[in-house]
*Asks:* 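Sharing a structure here in structure tokens format.
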Amino acid sequence: MSTPAPLRRGSIRAILLNTGWMLGGKGFGAVLSLIYLAIVTRSLGLDGFGQFSLALGAGQASATIVSFQSWQIIVRYGMRYVHEGQSDALARLVRFAITIDIIAAFVGVALVIGGTLLLAGRFGWTDSFAWQAIGTSAVLVLSTHWTPIGVLRLHDRFAAATFAEAVTPSARCIGALIVWLTTPSVIAYLAVWAVAEALTALAYWYAAHRVQPFRWPQGRIRNIVAENPGIGRYAMFTNLTSMLGLGSKEFAVLIIGLVITPAAAGSFRLAQQLAQGLAKLSQLLGRAIFPELVRSHTTAGNEAFDALLARTLRMTAIGGGIVFVLLLTIGKPAIGLIAGKEFLSAYPVLLALGSAAAVDFAAVGFEPALTAMGRADLALRVRIVSTLILVALLAVLPQYFGVIGAGVAVLIASIITFILMWRTLLRHRRPERNMGPAESPGIRGQ
């Protein structure tokens with residue numbers, strides 16, 4: 001057993017510091033993303049970018065379906081082992097996370113093969129292109145690095161994670177430039193995206209190994225599960241929540257390609273990419289918030305947890321307003337500058353998706369709070385409801401309003417998610433306020 005780590009409570013300062021590290025990397029990546037997005041859209045055109053978006057969306061959707069977000073498992077269950085110096089138990093936990101990541105990756109490859117072959121005819125793909133797309137998508141799925149992300153966040157090594165994350169935009173930008181100067185094609189750009197993801201995975205695994213060398217301690221998986229009560233249920237909840245929250249956005253591109261045209265899917269994808277660029281900060285905050293809320297809930301009790309949560313929600317509400325203002329001021333010029341006049345029709349879609357991003361930003365603290373409280377099941381229920389609503393709206397609105405209807409569907413789903421998450425968090429925090437740290441509930445119903 002190693003020496004216990006110094007006890008530290010969760011804090012807003014740590015959230016901002018860790019977000020700052022990630023934002024530095026994302027700021028660098030955002031600049032490069034504008035460059036490679038401009039290269040791809042201008043060299044492929046609306047139709048070509050639509051085909052690129054559909055092929056990439058199939059791989060990313062498959063990766064999201066099988067993503068167990070094992071970084072949350074490591075942070076949620078590993079925090080106690082770090083504080084108590086239980087290095088062997090922590091190593092076994094990491095082994096569990098690696099195991100489910102490997103199994104999930106191979107299941108994802110099977111989904112990629114089946115899904116691509118099923119949809120290829122609907123999108124007008126040749127057999128040759130379909131198998132090339134399968135190859136690049138398989139690399140995306142196999143380049144899993146959730147476990148090393150969890151190790152780095154558990155040990156507060158957000159700086160190391162920033163450098164690893166910077167590999168993705170760097171490789172994409174360099175690769176896109178090379179393809180643009182040689183033989184621009186949809187499959188060539190897909191290959192660049194796949195190589196960039198593989199290099200990022202290698203960078204993450206190397207950085208995490210330096211922080212906590214990976215080893216494979218003896219012990220059956222069933223014993224590891226017994227050692228971490230509720231871990232199987234927790235893993236399933238985080239997987240389903242991620243699939244419904246992130247996967248629905250990838251599936252939206254595929255649905256538009258099926259319901260309307262590949263060109264419409266390209267227009268939606270461009271607006272989605274720009275909106276996601278504005279919303280990156282919300283994702284970074286969510287990743288920084290979760291470890292601090294877990295730390296606060298584990299070491300400081302409910303009063304400190306409530307205070308940290310309240311400050312976090314105020315901060316994200318202000319951030320959501322800033323995202324919306326940026327959307328109104330730079331949205332349309334950004335589309336014209338990056339992709340050209342051919343893509344200006346995507347601006348109304350960007351307004352809807354950007355507004356949804358602002359709402360998501362304001363709500364970014366809700367889900368980490370529920371998960372830190374051990375109530376991932378509640379977050380999952382909200383995601384199920386909002387995703388069902390989103391799918392229903394995507395099946396109807398685009399048929400009457402085109403790609404703009406798809407953007408409105410995403411906005412409505414984001415608003416519903418915000419309302420449901422807020423009400424759920426309020427309802428389930430009240431019973432805990434009179435409980436001490438030792439009485440705080442874990443994952444219930446297990």
*Asks:* Do Leu90 and Leu154 make a side-chain contact, defined as non-hydrogen atoms from C-beta onward lying under 4.5 Å apart?
*Replies:* yes
*Asks:* So does Ala413 get a backbone contact from the side chain of Ser386, meaning a donor-acceptor N/O pair under 3.5 Å?
*Replies:* no
*Asks:* Flag the pair Ser87 / Arg215 as yes when at least one side-chain heavy-atom distance between them is below 4.5 Å, and no otherwise.
*Replies:* yes
*Asks:* Specify the closest pair of heavy atoms between Ile335 and Ala346, including all atoms of both residues, with the distance to one decimal.
*Replies:* CD1-C, 3.9 Å
*Asks:* Run the side chain to side chain contact (heavy atoms under 4.5 Å, CB included) test on Arg427 and Thr424 for me, step by step, so that the C-alpha distance in whole Å, both residues' side-chain angles and the decisive distance to 0.1 Å come before the verdict.
*Replies:* CA-CA 5 Å; Arg427 186 166 61 250; Thr424 301; 4.0 Å; yes
*Asks:* Would you check, one step at a time, whether the test side chain to side chain contact (heavy atoms under 4.5 Å, CB included) holds for Glu227 with Arg222?
*Replies:* CA-CA 9 Å; Glu227 192 174 37; Arg222 69 178 65 176; over 6 Å; no
*Asks:* Are any of the side-chain heavy atoms of Leu380 and Met236 separated by less than 4.5 Å?
*Replies:* no
*Asks:* Identify the two heavy atoms, one from Ala105 and one from Leu142, that lie closest to each other, and give their separation to 0.1 Å.
*Replies:* CB-CD2, 3.9 Å
*Asks:* Which atoms form the tightest heavy-atom contact between Ser143 and Ala201, and what is the distance?
*Replies:* O-CB, 3.6 Å
*Asks:* Closest approach of Leu54 and Val253, non-hydrogen atoms and distance?
*Replies:* CD2-O, 3.5 Å
*Asks:* Take Leu140 and Val112 through the test side chain to side chain contact (heavy atoms under 4.5 Å, CB included) and record every step on the way to the result.
*Replies:* CA-CA 10 Å; Leu140 287 174; Val112 163; over 6 Å; no
*Asks:* For the atom pair CD1 (Ile98) and CH2 (Trp205), what is the distance rounded to the nearest 0.5 Å?
*Replies:* 4.0 Å
*Asks:* Under a 4.5 Å cut-off applied to non-hydrogen side-chain atoms, are Ile231 and Leu93 in contact?
*Replies:* yes
*Asks:* So, Ser185 side chain and Ala188 main chain: donor-acceptor pair closer than 3.5 Å or not?
*Replies:* yes
*Asks:* Tell me, do Tyr234 and Gln72 make a side-chain contact under 4.5 Å, heavy atoms counted?
*Replies:* yes
*Asks:* Applying the side chain to side chain contact (heavy atoms under 4.5 Å, CB included) criterion to Phe96, which one of Ile74, Asp101, Ile224 satisfies it?
*Replies:* Ile224
*Asks:* So, taking the atom named CD in Gln273 and the one named OG in Ser53, what distance separates them when rounded to the nearest 0.5 Å?
*Replies:* 7.5 Å
*Asks:* Between Arg42 (side chain) and Ile338 (backbone), is there a donor-acceptor pair under 3.5 Å?
*Replies:* yes
*Asks:* Can you name the closest pair of heavy atoms from Gly59 and Val141 and give their distance?
*Replies:* O-CG2, 3.9 Å
*Asks:* Using only atom types and a distance under 3.5 Å, with no angle test, would you say the side chain of His145 pairs donor to acceptor with the backbone of Tyr204?
*Replies:* no
*Asks:* Where do Leu353 and Phe268 land on the side chain to side chain contact (heavy atoms under 4.5 Å, CB included) test, with the steps shown first?
*Replies:* CA-CA 9 Å; Leu353 294 180; Phe268 183 87; 3.9 Å; yes
*Asks:* Assess whether atom CZ of Phe214 is packed by more than 12 heavy atoms of other residues, nucleotides or ligands within 6.0 Å.
*Replies:* yes
*Asks:* For atom CH2 of Trp180, is the number of surrounding heavy atoms from other residues, nucleotides or ligands below 6.0 Å larger than 12?
*Replies:* no
*Asks:* Between Trp131 and Leu117 (side chain of the first, backbone of the second, donor and acceptor by atom type, cut-off under 3.5 Å), is there such a pair?
*Replies:* no
*Asks:* Just how far is it from atom CG of Leu254 to atom CD of Gln60, taken to the nearest 0.5 Å?
*Replies:* 10.0 Å
*Asks:* Are more than 12 heavy atoms from other residues, nucleotides or ligands located less than 6.0 Å from atom CZ of Arg92?
*Replies:* yes
*Asks:* Return yes if some donor-acceptor pair links the side-chain N/O of Thr182 with the main-chain N/O of Val179 below 3.5 Å, else return no.
*Replies:* yes
*Asks:* Could you state the interatomic distance from CG (Leu181) to CD1 (Ile178), rounded to the nearest 0.5 Å?
*Replies:* 8.5 Å
*Asks:* Assert yes or no for the condition that the ring centre distance of Tyr36 to Tyr189 is strictly below 6.0 Å.
*Replies:* no
*Asks:* Taking the side chain as everything from C-beta on, heavy atoms only, tell me whether Arg172 gets closer than 4.5 Å to Leu32.
*Replies:* no
*Asks:* I want to check something: taking the side chain as every heavy atom from C-beta on, are Trp71 and Thr147 in contact at a cut-off of under 4.5 Å?
*Replies:* no
*Asks:* Between Ile73 and Ile100, is there a side-chain heavy-atom distance shorter than 4.5 Å?
*Replies:* yes
*Asks:* Over all heavy atoms of both residues, which pair between Ile187 and Gln132 is shortest? Give the atoms and the distance, please.
*Replies:* CD1-CB, 3.2 Å
